[in-house]
Amino acid sequence: MKLTAKQKGIALMVLSAFSFSLMQICVRVSGKRIPLFEQLFFRNSISLLLCGFLAARAKLPLFGARRDQ
């Protein structure tokens with residue numbers, strides 16, 4: 001089944017909301033045992049890896065379009 005651009009956008013928004021709620025559950029569970037800055041570091045590390053993977057898969061330049069002067 002081929003999804004339209006609108007359907008893909010809706011699916012990605014639902015996936016994003018689910019991911020954020022899952023992340024919030026993990027923060028609540030580990031809130032007292034793991035310090036705040038360690039939680040921030042690991043959440044951002046996972047986000048960086050995920051975004052890097054998606055950017056590499058879509059063949060997007062990491063530092064923007066190259067412009068010769």
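Keep in mind the model is a prediction, meaning the values are calculated, not measured.
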Please report the interatomic distance [atom1]([X]) to [atom2]([Y]), rounded to the nearest 0.5 Å.
| X | Y | atom1 | atom2 | value |
| --- | --- | --- | --- | --- |
| Phe53 | Leu48 | CZ | CG | 14.0 Å |
| Cys51 | Ile46 | SG | CD1 | 12.0 Å |
| Met23 | Phe18 | CE | CZ | 12.5 Å |

| Exercise: identify the closest heavy-atom pair between Val27 and Arg43 | CG2-NH1, 3.5 Å
| Backbone of Arg33 reached by a side-chain donor or acceptor of Ser30 within 3.5 Å | no
| Would a distance-only check, ignoring hydrogens and angles, find a side-chain to backbone donor-acceptor pair under 3.5 Å from Ser16 to Leu12? | no
| said: Do Ile10 and Gln7 have side chains that approach each other closer than 4.5 Å (heavy atoms only, starting at C-beta)? | reply: no
